[in-house]
Student: 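Handing you this structure, nothing more for now.
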Amino acid sequence: MGILDIVPAGVLTGENVVKLFNYAKEHKFAIPAINVTSSSTANACLEAARDIKSPIILQVSQGGSAYFSGKGLANDKQQASIAGAKAAALHIRTVAPMYGVPVVLHSDHCAEKLLPWFDGMLAADEAYYKEHGEPLFSSHMLDLSEEPKEQNIATCVKYFKRMAPMGIWLEMEIGITGGEEDGVDNTSVDNSRLYTQPEDIWDVYRALSAIAPHFSIAAGFGNVHGVYKPGNVKLQPTLLGKHQAYASQQLGGKVEKPLYLVFHGGSGSTKEEIKTAVESGVVKMNVDTDTQWAYLVGIRDFVTNKSGYLQSQVGNPEGADKPNKKYYDPRVWVREGEKTLSARVKEACEDLGNVGHL
Ligand SMILES: O=C(CO)COP(=O)(O)O
Ligand SMILES: O=C[C@H](O)COP(=O)(O)O
Ligand SMILES: [Zn+2]
Ligand SMILES: [Zn+2]
């Protein structure tokens with residue numbers, strides 16, 4: 001039985017998201033979540049997923065959402081980020097069914113100071129729910145990991161109570177992802193805070209499972225946003241297995257891996273680290289930096305290789321009167337970035353065992 005036997009193609013919500021993640025858990029694979037910033041990057045990810053018959057997660061960060069609506073817009077009240085998140089969602093909802101793959105539509109990290117962005121997206125979910133009987137987004141992430149644990153959990157509980165009736169999945173973070181996110185610089189954070197303790201995970205599980213079962217936890221296991229010199233990042237994905245074992249034991253041992261775990265900072269990880277994380281019950285791995293790089297590479301190579309055709313509108317190595325329109329049309333050079341991005345998304349799917357499951 002393939003995934004399309006249990007959920008439809010297009011954006012999934014409610015029980016269908018649960019079914020997808022349960023399928024991934026059962027079949028021991030994880031789904032990459034790629035940060036998208038435009039229709040071009042979103043389409044390239046959908047194309048990759050279609051080509052290798054895989055479900056995919058597309059996510060927008062607060063900054064990515066603002067970019068989606070346009071960097072020229074004011075964003076002092078998160079208005080551009082709210083509008084951009086809606087625009088991304090509506091674009092993806094419109095085209096995803098045509099690619100024939102199930103899609104989880106997600107919003108990435110939201111720190112305390114960005115809650116007005118979250119509120120705006122939730123209002124959009126509620127409006128969409130009224131009209132269509134399902135929320136606009138499949139899931140949202142809250143990231144109060146900078147705050148004291150009690151405040152982190154209490155804020156998640158408050159929002160999850162509002163999300164649960166619409167069947168919206170919640171991803172929360174406990175323990176810190178190093179590096180940088182949403183303009184928050186965690187590069188010099190104390191190392192111990194990068195490794196979440198099983199007891200903390202259990203506190204989250206207890207509080208959220210009392211509301212609904214559809215939530216996931218981004219736990220710190222040394223993971224870091226961005227790509228750095230080899231050796232700088234010490235990932236310990238086996239810690240994730242310990243979290244599963246601890247939660248399982250607390251629940252009386254009936255379920256082997258009760259947690260849905262999320263791997264942030266997927267870029268720059270080794271194939272082995274990714275494999276261990278998946279074996280430990282990770283169902284989602286975020287990739288941004290490596291796909292940003294991949295998008296550039298295709299464009300960079302095109303501009304380098306076709307340099308002689310890109311110096312003026314008319315005139316190239318084939319003749320002084322030859323027009324260059326077919327080289328500088330953005331559909332030509334941006335497309336080259338889409339191809340290399342798409343290839344990197346396929347690689348992430350392969351690393352996670354997410355190939356041919358439809
Ligand atoms: O975790 C991420 C987005 O939330 C992505 O991290 P990387 O940029 O390190 O892949
Ligand atoms: O959190 C990390 C993601 O890579 C999003 O990054 P961003 O805030 O630069 O869009
Ligand atoms: Zn964080
Ligand atoms: Zn992240």
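Both counts, for ligands and for their atoms, begin at 1 and track the order of listing. Just so you know, these numbers come straight off a predicted model, no measurement behind them.
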Student: Looking only at the aromatic ring of each residue, does the gap between the centers of Phe215 and Tyr205 stay below 6.0 angstrom?
Tutor: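 Here the rings of Phe215 and Tyr205 have centres that are less than 6.0 Å from each other.
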Student: For the pair His91 and Phe68, name the ring-plane relationship: parallel under 30°, tilted 30 to 60°, perpendicular over 60°.
Tutor: tilted
Student: Which label fits Tyr23 and His27: parallel for a plane angle under 30°, tilted from 30 to 60°, or perpendicular past 60°?
Tutor: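 Tyr23 vs His27 ring planes: parallel.
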Student: Quick check: Phe137 with Tyr128 (ring centres under 6.0 Å apart)?
Tutor: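 Between Phe137 and Tyr128, which both carry aromatic rings, the centre distance is not below 6.0 Å.
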Student: Answer yes if the ring centres of Phe118 and Tyr159 are under 6.0 angstrom apart, and no otherwise.
Tutor: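 That pair passes the under 6.0 Å test.
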Student: Do we get Lys25 above Tyr260's six-membered ring, with its NZ or CZ under 6.0 Å from the centre and within 45° of the axis?
Tutor: yes
Student: May I ask you to check whether His109 and His225 place their ring centres under 6.0 Å from each other?
Tutor: yes
Student: Measuring from each atom of ligand 2, which residues have a heavy atom under 4.0 Å away?
Tutor: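 Residues Asn35, Ser61, Asp108, His109, Glu181, Asp182, His225, Asp288 each place a heavy atom under 4.0 Å from ligand 2, listed by chain and number.
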Student: For the side-chain hydrogen bond (donor to acceptor under 3.5 Å, both in side chains) test, which of His106, Gln59, Lys284 pairs with Ser139?
Tutor: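 Between Ser139 and the candidates, side-chain hydrogen bond (donor to acceptor under 3.5 Å, both in side chains) is satisfied uniquely by His106.
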Student: Check which protein N, O or S atoms are less than 2.8 Å from the Zn ion (ligand 4) and report how many there are.
Tutor: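 Counting protein N, O and S atoms closer than 2.8 Å to the Zn ion (ligand 4) gives 3.
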Student: Using 30° and 60° as the class boundaries, would you call the ring planes of His214 and Trp169 parallel, tilted or perpendicular?
Tutor: tilted
